[in-house]
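Side-chain atoms are counted along with the backbone in the values below, which use heavy atoms only and exclude waters and symmetry mates. Keep in mind the model is a prediction, meaning the values are calculated, not measured. Count residues from 1 along the sequence.
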Amino acid sequence: KQESVPGSIQGIVQSRLDALDRTSRTALQAASVLGQRFSPEVLNFILGEGHLDTSNLIRSALIREAGPDLMFAHALIRDGSYATLVKSERARLHRQAAKWFEDRDATLRAQHLDRAGANNAAQAYLAAADKLIHAFRFDDASPLIERALELPSPAGVRFDLLCARGETHRLQGLSNAALQEFRDAAHLAETDEQIIRAHIGLAQAARQASLYQDALEALDTAEAAAERAGSERDVAQINYVRGNVYFPLGRDKEALSANERALTLARKLDSVRLEVGALSGFGDANFMKATMRTATGFYTQAVDRAREKGLVRDLAANLHNLSVARSYTGDVGQGRADATEAIEVSQKYFAFVPECVAQTCLGVAETFLGDLDRALEAFRVSSEIAERVGAKRLEAQALEHLARTQVYAGQMDQALETGRQAVEIALEHGRNFVGPKALSALAMAETDPDEQMRLLNLGAEIIAEGCVGHSHLHFY
């Protein structure tokens, strides 16, 4: 944006500049493109000077020392100096500054290219945002993506920006926004590579929003493109995500088949991240069948591999899986420790969905250990996160555990209200994942025997359709 400097101030700054020798005036104007505070080294570079004598600038009181750096004595002096630059010279200096920051600071490079009016500014913002996303700095990445989308850019760059924005929102738990962005990207997709990326992202966002059929359809589209392109890496990723979709649907045989293919390809390609995902998927498939010791074994392998390679999001997700599986096998103390670590890792890297699940897993462990106050708090936190990020299936799960624990704590009125809310959400968004659990929790809170029987009969019907194993454990 253009700085607006009052005319009276601009006149004062101009007179102060006119009083300087030509070299000092040029240096001051060049410094203004660098901001309020700047390094003499950068200023030397954009001026093309071997060594700049800044003593005259400091004596003029327009510039003062700030440790190893220099800074304008007042923001209006900087803004006024910047305003004296003609457009072409301003653009040239910004391009020079962008060259300096090329291998030093991707964000500053992009911003200088933007100020220079460079036609690759959007692409530079994308590169900077990608680095921030990989560092889990989503709040810093988002404004760069938004600015880039305001700039003219080739169709391929715009596609990548939409995918980056969708991925950022998905990782922040903003499922509905992510869905729209991946849909927009899919409309722009022309190559098989673009079709694959947009539809895998769409499937992951749909799964997070409990739109399972939409997720499976997106994966079918992605897989057709991956087969055409001969991309085994993408086929592995697609099957891993497909296994994740089958999990809440209680379709254990299909989940096992998808993860077998994903694991085979992951090991063929020597991809640790895909291997971790497939191992986790095998854990999920066994969790569905309520074979919790076997599930614990697979989750342990996934945690060990993720920890070894520093895959922090994978570590957080598999720690909470391992936590609840361990709690169900009776190793509740370690289950609590795993959930606590998962929460710490998730909070450090702003992984809201993994934290949501980890809080529920912590609540399960605390319930088994008899600490109902801590369990109630964990379930409340989990339900609040789930509601905030739009993860309906996870909200239903947290609420049904909260209702059940409220019954244990003798809070029957609260349990009835919470249980009804859990059932309403579960039957719409997680019928085969959490439906029977929610129905049984509400039955525990109800006092009418006929209503209790109706709820339990419906739960039994859903279990007969095929459910995730934890539903059996809590229902019966």
*Please lay out, stage by stage, how Lys392 and Glu428 fare under the test salt bridge (Lys or Arg N to Asp or Glu O under 4.0 Å).*
CA-CA 9 Å; Lys392 291 296 186 181; Glu428 182 177 357; over 6 Å; no
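- To the nearest 0.5 Å, atoms CG (Leu219) and CG (Leu202) are separated by 9.0 Å.
- The ring pair (Phe, Tyr, Trp, His ring centres under 6.0 Å) test applied to Phe72 returns Phe38, not counting sequence neighbours.
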_What verdict does the side chain to side chain donor-acceptor pair (under 3.5 Å) test give for Asp184 and Gln180, after you've listed the backbone C-alpha separation in whole Å, the side-chain angles of each residue and the deciding distance to 0.1 Å?_
CA-CA 6 Å; Asp184 291 344; Gln180 186 56 55; 2.9 Å; yes
*Could you walk me through whether Arg251 and Tyr212 pass the side chain to side chain donor-acceptor pair (under 3.5 Å) check?*
CA-CA 12 Å; Arg251 293 163 63 173; Tyr212 304 118; over 6 Å; no
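- Evaluation of the salt bridge (Lys or Arg N to Asp or Glu O under 4.0 Å) test over residues 29-42, restricted to residues two or more places apart or in two chains, returns Arg37-Asp69.
- Between Arg307 and Glu341 there is a salt bridge, since a side-chain N of the basic residue sits under 4.0 Å from a carboxylate O of the acidic one.
- Counting heavy atoms from C-beta outward, Leu57 and Leu70 have side chains that stay 4.5 Å or more apart.
- With a 4.5 Å cut-off on side-chain heavy atoms, Phe282 and Leu263 count as touching.
- For the salt bridge (charged side-chain N to carboxylate O under 4.0 Å, His left out) with Arg242, the qualifying choice from Glu260, Glu223, Glu217 is Glu223, the only one to do so.
- Between Phe379 and His401, the ring planes lie parallel to each other; the angle is under 30°, not in the 30° to 60° tilted range.
- Remark: His320 engages no residue in a ring pair (Phe, Tyr, Trp, His ring centres under 6.0 Å) (not counting sequence neighbours).
- Considering every non-hydrogen atom in both Val312 and Val345, the closest pair reads O-CG1, 3.7 Å.
- If you look at Phe138 and His169, their ring centroids are not closer than 6.0 Å.
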*Asp314 and Arg305: CA distance, side-chain angles, deciding distance, salt bridge (Lys or Arg N to Asp or Glu O under 4.0 Å) verdict*: CA-CA 9 Å; Asp314 302 85; Arg305 291 290 277 156; over 6 Å; no
